[in-house]
Number of protein chains: 2
Amino acid sequence: MSIFSTPCIVKRMAVAPKAQSASTAAPKGRGRRGARASGDDRERAILETAERLLEERPLSEISVDDLAKGAGISRPTFYFYFPSKDAVVLTIVDRLVADAGGSREEIITALADGGPQAGFRVGLENLYAAFRARPGVVRAGTDLRATNQEARELWAQVMEGWVADVTAVIEAERARGAAPPGLPARDLAIALVQMNERAQYATLLDESPSLEADRVLDVLIDVWLRAIYGTAEPKP
Amino acid sequence: MSIFSTPCIVKRMAVAPKAQSASTAAPKGRGRRGARASGDDRERAILETAERLLEERPLSEISVDDLAKGAGISRPTFYFYFPSKDAVVLTIVDRLVADAGGSREEIITALADGGPQAGFRVGLENLYAAFRARPGVVRAGTDLRATNQEARELWAQVMEGWVADVTAVIEAERARGAAPPGLPARDLAIALVQMNERAQYATLLDESPSLEADRVLDVLIDVWLRAIYGTAEPKP
DNA sequence: GACTCTATCAACACTGTGTCGAGTAAGTCA
DNA sequence: TGACTTACTCGACACAGTGTTGATAGAGTC
């Protein structure tokens with residue numbers, strides 16, 4: 001388990017198009033493929049429309065009809081591909097989260113080479129970069145948690161993954177004597193990961209108050225290092 | 001400006017019943033009062049119904065009809081008292097936030113007597129206690145920010161108030177030599193206040209991951225003290 | 001040429017919001 | 001006392017959005 005790895009996103013039933021569900025699951029390699037070509041296009045068109053619209057306005061102002069129109073189909077046809085608007089957003093968020101979890105070798109290298117400061121910075125930078133590119137999607141995912149149990153579960157799973165990674169790093173640093181004992185490692189990890197979530201979200205959406213985009217990582221890392229090592233300049 | 005004071009909540013137009021708006025604003029002391037008695041009852045009944053239902057289920061599962069029925073009136077009559085469901089929730093959240101901001105003498109006393117640890121603890125305890133009593137209202141207020149600009153502004157104002165207070169305390173502690181220099185005080189305050197918001201919300205709603213209710217304050221205060229003073233046991 | 005499977009949509013049923021206009025009841029004033 | 005005002009109430013409507021049904025068309029298969 002390495003730092004900031006993505007906890008292997010679930011293939012959720014709710015987002016699978018009805019077309020694929022169970023029906024003759026096994027055979028037909030190409031015939032199916034050919035028949036599905038148009039269908040795959042539509043599905044992609046819906047997802048692309050949603051991504052585009054989400055950068056223009058909030059999820060609550062986007063209707064199923066908007067998504068259908070954007071994909072060049074009627075509203076009932078939309079329901080052939082997705083069971084609901086929420087399912088579209090969950091699919092998109094799933095992918096974003098998967099993207100954000102990538103590139104861990106880079107982090108491991110940074111941890112080994114540059115010590116904890118560099119390691120944490122690279123980890124947080126990667127995460128932040130992935131989300132910063134699509135603030136609309138981040139916002140939609142967050143908004144969705146207000147009404148959608150599945151969205152809450154997905155995000156809880158992501159958070160648990162990060163917390164587990166950070167807990168492991170804190171324990172390792174304490175074991176090798178680099179960090180002093182203190183709060184239970186998991187408690188500290190939870191508080192720090194939650195701080196990051198909230199602070200980065202606020203910055204991403206330019207809330208008030210929020211940290212400036214070009215300073216947010218410096219501030220967060222400073223708090224992390226002080227909370228974990230007792231100083232902002234721990235030795236490698 | 002003292003720590004954790006409530007930044008004087010605005011009287012928002014949107015929540016004022018139509019009945020009061022402008023129309024013959026000045027005269028008639030008692031006649032008006034008598035005539036309004038029943039109306040005040042209704043208004044209170046709506047607010048009480050909303051508070052009750054919000055502890056039972058989320059805002060998205062409560063309709064205007066539910067509120068009207070609960071208050072013993074028809075749906076159109078509801079609109080005589082409030083312009084929308086959101087306005088009801090904003091009124092309730094307003095009051096909760098005002099409650100949470102009270103009792104500052106206690107905090108000032110604690111800051112003076114017990115030093116920063118006690119001061120911060122009393123401040124955070126008061127806040128947390130006010131919110132913990134009505135998690136449904138907290139959740140509704142939070143959920144509302146997804147769709148309602150006014151809810152976002154109200155919360156932004158509350159956060160700004162806390163950040164301003166914490167910034168002032170950090171600067172004071174640095175000025176008297178109790179805290180070392182470091183990050184810009186406001187940046188640090190933003191990060192810490194955001195951490196608290198997120199962590200306390202998660203604990204309140206028993207999210208996963210979240211800190212245990214009986215440990216959340218200990219954990220947060222430890223991080224605060226380390227981030228501000230460089231140690232979890234600053235001298236008074 | 002019947003059969004199947006994917007894909008499509010008009011029309012419908014339903015839920016929830018917010019408005020309109022017609023009331024009633026109680027108080028005010030000429 | 002009786003016309004007038006004000007607070008309050010709600011049936012009926014218009015509208016927006018969701019999700020379903022059932023009929024149908026085309027492409028591929030046997």
Side-chain angles (χ1 to χ4, degrees), chain A residues 14 16-46 50 53 57-89 144 147-148, chain B residues 14 16-46 50 53 57-89 144 147-148:
Chain A
K18 290 171 187 170
Q20 296 180 329
S21 63
S23 64
T24 64
K28 290 174 185 172
R30 246 176 24 87
R32 174 72 162 286
R33 195 76 226 153
R36 294 262 359 219
S38 141
D40 284 352
D41 287 348
R42 300 295 197 202
E43 193 176 319
R44 200 163 353 100
I46 292 171
L53 293 182
R57 51 182 196 267
L59 179 59
S60 59
E61 287 168 30
I62 298 171
S63 69
V64 171
D65 205 40
D66 292 333
L67 297 181
K69 287 248 171 57
I73 55 178
S74 70
R75 208 163 51 77
T77 301
F78 167 92
Y79 288 101
F80 180 79
Y81 294 100
F82 293 93
S84 68
K85 187 173 74 174
D86 289 6
V88 177
V89 175
L144 203 53
T147 54
N148 188 293
Chain B
K18 290 170 186 170
Q20 296 180 329
S21 62
S23 63
T24 63
K28 290 172 186 173
R30 243 174 28 85
R32 175 70 162 288
R33 194 76 226 152
R36 294 259 2 216
S38 139
D40 284 352
D41 287 349
R42 301 293 197 204
E43 192 175 319
R44 201 161 353 100
I46 292 171
L53 293 182
R57 52 185 197 267
L59 179 59
S60 59
E61 286 167 30
I62 297 171
S63 69
V64 170
D65 206 37
D66 293 332
L67 298 181
K69 286 248 170 58
I73 55 178
S74 70
R75 208 164 51 76
T77 301
F78 167 92
Y79 287 102
F80 180 79
Y81 293 100
F82 292 93
S84 68
K85 187 172 75 173
D86 289 6
V88 176
V89 175
L144 203 54
T147 55
N148 186 294

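By convention in this document, chain letters (A, B, ...) are assigned in the order of the sequence lines, proteins followed by strands, and residues within each chain are numbered from 1.
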Visitor: Checking contacts here: which listed nucleotide (D:dT20, C:dT17, C:dT8) is nearest the side-chain heavy atoms of A:Y79?
Guide: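 Out of D:dT20, C:dT17, C:dT8, the nucleotide with an atom closest to A:Y79's side chain is D:dT20.
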
Visitor: What distance separates A:R44 CZ from A:D41 CG, expressed to the nearest 0.5 Å?
Guide: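 Output value for this atom pair is 5.0 Å.
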
Visitor: Counting heavy atoms from C-beta on, name the nucleotide in D:dT9, C:dC9, D:dG19 closest to the side chain of A:S84.
Guide: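 Looking only at side-chain atoms, A:S84 lies closest to D:dG19.
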
Visitor: Looking only at side-chain atoms of A:P76, point me to the closest of D:dG19, C:dT17, C:dC9.
Guide: C:dC9

Visitor: Base of D:dG17, side chain of A:R75 - is there a donor-acceptor contact under 3.5 Å?
Guide: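 Under the 3.5 Å cut-off, the side chain and the base do not form any donor-acceptor pair.
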
Visitor: Tabulate below the donor-acceptor pairs under 3.5 Å that side-chain atoms of residues 59-66 of chain A make, not counting sequence neighbours, or state none.
Guide:
unit_1: A:S63; atom_1: OG; unit_2: A:D65; atom_2: N; d: 3.3
unit_1: A:S63; atom_1: OG; unit_2: A:D66; atom_2: N; d: 3.1
unit_1: A:S63; atom_1: OG; unit_2: A:D66; atom_2: OD2; d: 3.3
unit_1: A:D65; atom_1: OD2; unit_2: A:K69; atom_2: NZ; d: 2.9
unit_1: A:D66; atom_1: OD2; unit_2: A:R57; atom_2: NH2; d: 3.1
unit_1: A:D66; atom_1: OD2; unit_2: A:S63; atom_2: N; d: 3.0

Visitor: Taking CZ from A:F82 and P from D:dT18, how many angstroms apart are they, rounded to a whole number?
Guide: 15 Å

Visitor: Please report the interatomic distance CD1(A:I46) to CD1(A:I73), rounded to the nearest 0.5 Å.
Guide: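 These two atoms lie 4.0 Å from each other.
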
Visitor: Whole-Å distance between C:dT24 C1' and B:F80 CZ?
Guide: 14 Å

Visitor: Could you tell me how far apart A:D41 (CG) and C:dT8 (C1') are, to the nearest whole angstrom?
Guide: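 For the pair A:D41 CG and C:dT8 C1', the rounded distance is 15 Å.
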
Visitor: Using a cut-off of less than 4.0 Å, is there contact between a side-chain N or O of B:T77 and OP1 or OP2 of D:dT9?
Guide: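 False: B:T77 side-chain N/O out of range (4.0 Å or more) of D:dT9 OP1/OP2.
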
Visitor: For a quick test of reading the model, state the closest non-hydrogen atom pair linking A:Y81 to A:R42 and the distance between them.
Guide: OH-CG, 3.3 Å

Visitor: Rounding to an integer number of Å, can you tell me how far A:K69 NZ sits from D:dA16 P?
Guide: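 After rounding, the gap between these two atoms is 12 Å.
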
Visitor: Would you name the heavy atoms of A:S84 and A:F78 that are closest together and state the gap between them?
Guide: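 Closest approach of A:S84 to A:F78, heavy atoms only: O-CZ, 3.7 Å.
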
Visitor: How many Å lie between CD1 on A:I73 and P on C:dA7, as a whole number?
Guide: 11 Å

Visitor: Whole-Å distance between D:dG17 C1' and A:D86 CG?
Guide: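 These atoms are roughly 13 Å apart.
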
Visitor: Tell me, which of residues 60-68 of chain B have any heavy atom that sits under 4.0 Å from an atom in DNA chain C?
Guide: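 Heavy-atom cutoff 4.0 Å gives B:S63, B:V64.
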
Visitor: Does B:Y81 put a side-chain nitrogen or oxygen below 4.0 Å from OP1 or OP2 of D:dT9?
Guide: yes

Visitor: Would you say B:L67 and B:F82 make side-chain contact, with heavy atoms under 4.5 Å?
Guide: no

Visitor: Rounded to the Å, how far apart are A:F78 CZ and C:dA10 C1'?
Guide: 19 Å

